[in-house]
Amino acid sequence: MIKFYKYQGTGNDFVMIDNRSGFFPKQDKALVAFLCHRRFGVGGDGLILLENDEQYDFRMVYFNADGSESTMCGNGGRCLVAFAKQLGIITNDKCRFIAIDGEHNATIDKDNKVSLQMIDVQEITVNKEYCFLNTGSPHHVELVRNVKEYDVFNNGKEIRESELYAPGGTNVNFVEQEGPNHFRIRTFERGVEDETLSCGTGATAVAISMYLTGKADDTTIKIDVEGGNLKVAFEVDENNKFSRVFLSGPAELVFEGTIEI
Ligand SMILES: N[C@@H](CCC[C@H](N)C(=O)O)C(=O)O
């Protein structure tokens, strides 16, 4: 039997497990995929282990819904901060944790809005059709018309599986401008192999790409996703290095329970 907590951040949902005792069999991909399965398991876009770390408040270990351990998850990181608060690991609304892409600082306010510092970003491929950058996870960013009606699944899958991004693949974000420094996005996620309701590293990648390509002129950018609203704020220097990048939005406990395995 495994005790789990289910969290969501703007509709990107995760199975959370307190693995401070180290009981969870991390190599068991089938178990992770089962726990994330929406019919046979708990259901989630990913599964996150909260672990002890000697130098940080805690460690984040992230798996996609297909069971594979993957790169950084921005919404997952925000939900993990809320989970750490629920477990009493965070007492003063601030924390520092370690994830696969390095150190992260975060703050949590009384409404459970979590602001998470993402990695610095400098290497960005910009061309006429798209941008590609790594915000902790790899992201293809492409402007489209009428994103609400766009065929995200088929177009996203094609780009994700294209030669351009082989062998690792990429996440794919389709973007439409809603107003000044305000964008709507829909994301096809690698490892879920489907559209999700939100992607935090994707929102971050879109905000940076829109600023770099002149579609935005403020360093605070509003991003609407299918599951809610996110904000991305950053600093940028004369070499187009993006630092102090913060992803902010809600992170909420949905339910908790135990599951037989
Ligand atoms: N939903 C995530 C991104 C998770 C990682 C991604 N699926 C990958 O494998 O690259 C987010 O909120 O950032």
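Whatever order the structure lists them in is the order used to number ligands and atoms, beginning at 1. Hydrogens, waters and symmetry mates are skipped; everything else that's a heavy atom, side chains included, is used.
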Top protein contact for atom 7 (N) of ligand 1, by heavy-atom distance: Arg190 O, 2.7 Å

Nearest non-hydrogen protein atom, atom 12 (O) of ligand 1: Gly200 N, 2.6 Å

Numbering as shown, the atoms of ligand 1 that approach Asn75 to under 4.0 Å (heavy-atom distance): 11 (C), 12 (O)

Option whose closest heavy atom lies nearest to atom 5 (C) of ligand 1, chosen from Cys79, Ser137, Gly136, Gly77: Ser137

Identity of the nearest option to atom 9 (O) of ligand 1, non-hydrogen atoms only, from Cys199, Gly168, Ser70: Ser70

N/O separation below 3.5 Å, Asn64 to ligand 1: yes

Phe63 and Phe24 aromatic ring geometry - parallel, tilted or perpendicular at 30°/60° bounds: tilted

N or O contact, Gly76 vs ligand 1, cut-off under 3.5 Å: no

Ligand 1 versus Asn171: contacting region, heavy-atom distance under 4.0 Å: side chain

Glu189 and ligand 1 - part of the residue with a heavy-atom distance under 4.0 Å: side chain

Ligand 1 contact on Asn12 by region, counting heavy-atom pairs under 4.0 Å: side chain

NZ/NE/NH1/NH2 to OD/OE distance under 4.0 Å, Asp13 and Arg38: yes

Per-atom contacts, ligand 1 versus Thr71 - under 4.0 Å to a heavy atom: 10 (O)

Region of Asp45 engaging ligand 1 - heavy atom pairs below 4.0 Å: neither

Lys3 to Tyr5 six-membered ring, cation-pi geometry met (6.0 Å, 45°): yes

Ligand-residue contact atoms, ligand 1 with Thr201, heavy atoms, under 4.0 Å: 3 (C), 11 (C), 12 (O), 13 (O)

ILVMFWY cluster, Val42 and Ile17 together (side-chain gap under 4.5 Å): yes

Pair Phe97-Phe58, ring-ring contact (aromatic ring centres under 6.0 Å, His included): steps then yes or no: CA-CA 5 Å; Phe97 69 90; Phe58 52 90; 5.0 Å; yes

Atoms in ligand 1 with a heavy atom of Tyr62 nearer than 4.0 Å: 4 (C), 5 (C)

Output field: ring centroids Phe132/Tyr165 closer than 6.0 Å: yes

Side chain Arg184, main chain Val147, donor-acceptor under 3.5 Å: no

Audit row: Phe14, Phe83, ring-ring contact (aromatic ring centres under 6.0 Å, His included) steps and yes/no: CA-CA 11 Å; Phe14 308 97; Phe83 182 40; over 10 Å; no

Presence of salt bridge, Arg20 and Asp18, under 4.0 angstrom: yes

Under-4.0 Å heavy-atom contact with ligand 1, by part of Cys73 that carries it: both

Basic-acidic side-chain contact under 4.0 Å: Lys85, Asp93: yes

